[in-house]
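So the structure is just underneath, and the comments pick up after that.
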Amino acid sequence: MKAKATLKQIAKELGVSVSTVSKALNDSPEISEQTKVKIKEYAKLKNYKPNVIGLNLKNRKTKTIGVIIPNILNSFFAKVFSGIEKVADKKGYNVITCISNESLEKEVHTLEMLSNGTIDGFILSVSQEAQKLQDYNHFSEIINDGTPIVMFDRIADEVDCDKVVVDDFDSALNSTQHLIDLGCKNIALISSVDNISVGRLRTEGYLKALKDNNIPVNEKIILRTDSEEVMKAKIEGIFDHKIDGIFALDENDSVAALRVSLKKGFRVPEDISIIGFADGILASRRLSPSLTTVSQHGVEIGEVAAKRLIERLEEPEGTVSEYETIVIKTKLKERESTRKK
């Protein structure tokens with residue numbers, strides 16, 4: 001049986017946009033008769049059959065949102081998803097969720113698979129591999145073909161689209177300053193997310209706080225890695241040096257910092273105060289002592305991202321609003337792992 005062509009394949013072969021192909025196949029007056037004939041004949045030759053859900057870019061409404069998250073184990077992404085689903089359900093939209101597993105190839109495949117008429121728009125956080133390779137062409141292609149994207153948390157500055165982020169730099173600056181205000185002078189930095197945007201911004205905030213307080217940067221107590229495995233393999237070496245505070249940039253980093261501190265015989269918070277970017281159940285309720293954390297307001301991020309995407313999807317025809325970057329303020333939740341002022 002001859003394989004069926006897709007709108008995207010036809011567009012690529014003829015050197016036009018997916019939108020042009022769709023409009024031509026639906027007899028849109030926006031497309032010339034000559035172009036319509038060429039596209040229709042080519043589609044017939046290639047055994048094209050319209051998607052059962054329909055990809056009429058003028059009238060299409062599948063009322064379905066595609067959500068792509070980097071991994072399923074991070075409680076932050078679970079909270080974001082719950083916020084997305086809450087708003088989508090209220091507005092009458094369905095949600096299809098996919099996991100990139102930090103893979104660029106899987107991220108590209110998922111976008112291509114769902115953008116052929118299955119969904120109206122995407123909400124996503126960029127995979128670790130895409131950020132490491134700085135490869136974002138797949139996002140721009142989807143947007144140029146008429147499918148809107150809202151990025152959250154991990155974003156690509158190079159891609160023009162709506163974005164929802166937390167104030168990573170300021171949060172890290174304020175958290176490090178909080179440790180300094182508690183009397184900490186030798187503050188270790190632990191990061192397993194150094195190759196993604198949020199990790200770099202948080203590191204910059206930490207370094208700025210040290211500079212503002214005339215505290216020399218001690219590279220021996222700064223652990224910047226690209227993976228949880230490397231972080232866990234190297235974290236104990238940090239404790240060979242004098243430290244009285246730890247700022248951890250991810251939930252796994254935070255948990256590891258607390259566990260190794262206790263393993264090494266340090267009293268928390270009497271000997272070491274710890275702040276982490278984490279707000280899952282593990283950090284707040286199941287560890288002893290409980291962790292002081294930077295709350296990223298994951299549910300709120302999901303709600304705001306879903307509202308923004310649906311607003312764009314429901315704009316009147318011919319209306320194109322400016323792209324927005326919406327910043328959600330974080331909050332430091334003080335618990336047992338930091339000394340009291």
Side-chain angles (χ1 to χ4, degrees), residues 1-68 88 91-96 98 104-105 107-124 130 135-151 156 158-163 306-324:
M1 183 180 290
K2 192 193 300 183
K4 294 179 183 178
T6 65
L7 285 176
K8 191 160 190 172
Q9 289 166 346
I10 295 170
K12 186 175 181 180
E13 291 292 328
L14 297 180
V16 296
S17 70
V18 172
S19 175
T20 298
V21 174
S22 177
K23 288 176 180 178
L25 294 174
N26 285 281
D27 281 318
S28 169
E30 298 175 43
I31 309 299
S32 70
E33 287 303 317
Q34 183 180 359
T35 301
K36 284 182 190 177
V37 170
K38 181 175 73 172
I39 290 174
K40 286 180 179 180
E41 287 182 351
Y42 189 82
K44 185 177 180 180
L45 178 68
K46 292 295 182 178
N47 196 32
Y48 170 75
K49 295 290 187 295
N51 187 293
V52 291
I53 299 173
L55 189 60
N56 183 333
L57 293 184
K58 184 176 181 181
N59 301 310
R60 100 180 151 169
K61 284 295 175 185
T62 69
K63 300 288 280 186
T64 302
I65 293 170
V67 178
I68 306 176
K91 295 286 188 177
Y93 282 74
N94 298 310
V95 178
I96 294 177
C98 297
L104 172 60
E105 182 181 1
E107 189 172 70
V108 171
H109 174 71
T110 302
L111 282 167
E112 289 180 346
M113 176 182 67
L114 294 181
S115 64
N116 196 29
T118 304
I119 55 94
D120 291 340
F122 289 101
I123 299 172
L124 59 87
D135 188 342
Y136 308 124
N137 289 335
H138 48 303
F139 300 125
S140 299
E141 288 176 3
I142 294 295
I143 294 167
N144 291 339
D145 284 342
T147 303
I149 290 175
V150 176
M151 292 183 175
E158 297 86 342
V159 179
D160 289 329
C161 66
D162 295 305
K163 293 156 186 158
K307 286 175 184 175
R308 184 67 195 107
L309 179 61
I310 291 170
E311 284 171 1
R312 187 166 288 283
L313 291 172
E314 296 183 350
E315 286 176 342
E317 188 178 350
T319 301
V320 181
S321 60
E322 294 291 323
Y323 290 126
E324 293 183 65

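The first residue in the sequence is number 1, and the count goes up from there.
Using a 4.5 Å heavy-atom threshold, the side chains of L111 and L124 count as touching. A heavy-atom distance below 4.5 Å is found between the side chains of K8 and I142. A heavy-atom distance below 4.5 Å is not found between the side chains of S17 and N144. Between L114 and T64, every side-chain heavy-atom pair lies at or beyond the 4.5 Å cut-off. At a threshold of 4.5 Å between non-hydrogen side-chain atoms, the residues R308 and S321 count as touching. At least one side-chain heavy atom of L25 sits under 4.5 Å from a side-chain heavy atom of I39. Taking the side chain as every heavy atom from C-beta outward, I119 and T147 approach each other to under 4.5 Å. D145 places none of its side-chain heavy atoms less than 4.5 Å from the side chain of S115.
Scanning both residues, V159 and S140, for their nearest heavy atoms gives CG2-OG, 4.1 Å. Smallest separation of non-hydrogen atoms from L313 and G121: CD2-N, 4.4 Å. Of all non-hydrogen atoms in I123 and L309, the two that sit nearest each other are CG1-CD2, 3.6 Å. Closest approach of V95 to A88, counting heavy atoms only: CG2-CB, 3.6 Å. Closest heavy-atom contact between I31 and K23: CG1-CB, 3.7 Å.
To the nearest 0.5 Å, atoms SG (C161) and CD1 (I149) are separated by 6.0 Å. Remark: I96 CD1 to M113 CE distance equals 8.0 Å, nearest 0.5 Å. For the atom pair CD (E107) and CZ (F139), the distance works out to 3.5 Å, reported to the nearest 0.5 Å. Here CD1 of I310 is found 12.5 Å from CD of E315. Values are rounded to the nearest 0.5 Å. A distance of 12.5 Å separates NZ in K40 from CD1 in I10, rounded to the nearest 0.5 Å.
A salt bridge is absent between E41 and K44; no separation between the charged side-chain nitrogens and carboxylate oxygens falls under 4.0 Å. No salt bridge links D120 with R312; every basic N to acidic carboxylate O contact stays at or beyond 4.0 Å.
In this structure, the side chain of D135 does not engage the main chain of A130 through any donor-acceptor pair within 3.5 Å. Looking only at distances, no side-chain donor or acceptor of K91 sits under 3.5 Å from a matching main-chain atom of K307.
For NZ of K63, the number of neighbouring non-hydrogen atoms (other residues, nucleotides, ligands) closer than 6.0 Å is greater than 12. The environment of Q34 atom CD is sparse: at most 12 non-hydrogen atoms of other residues, nucleotides or ligands sit within 6.0 angstrom.
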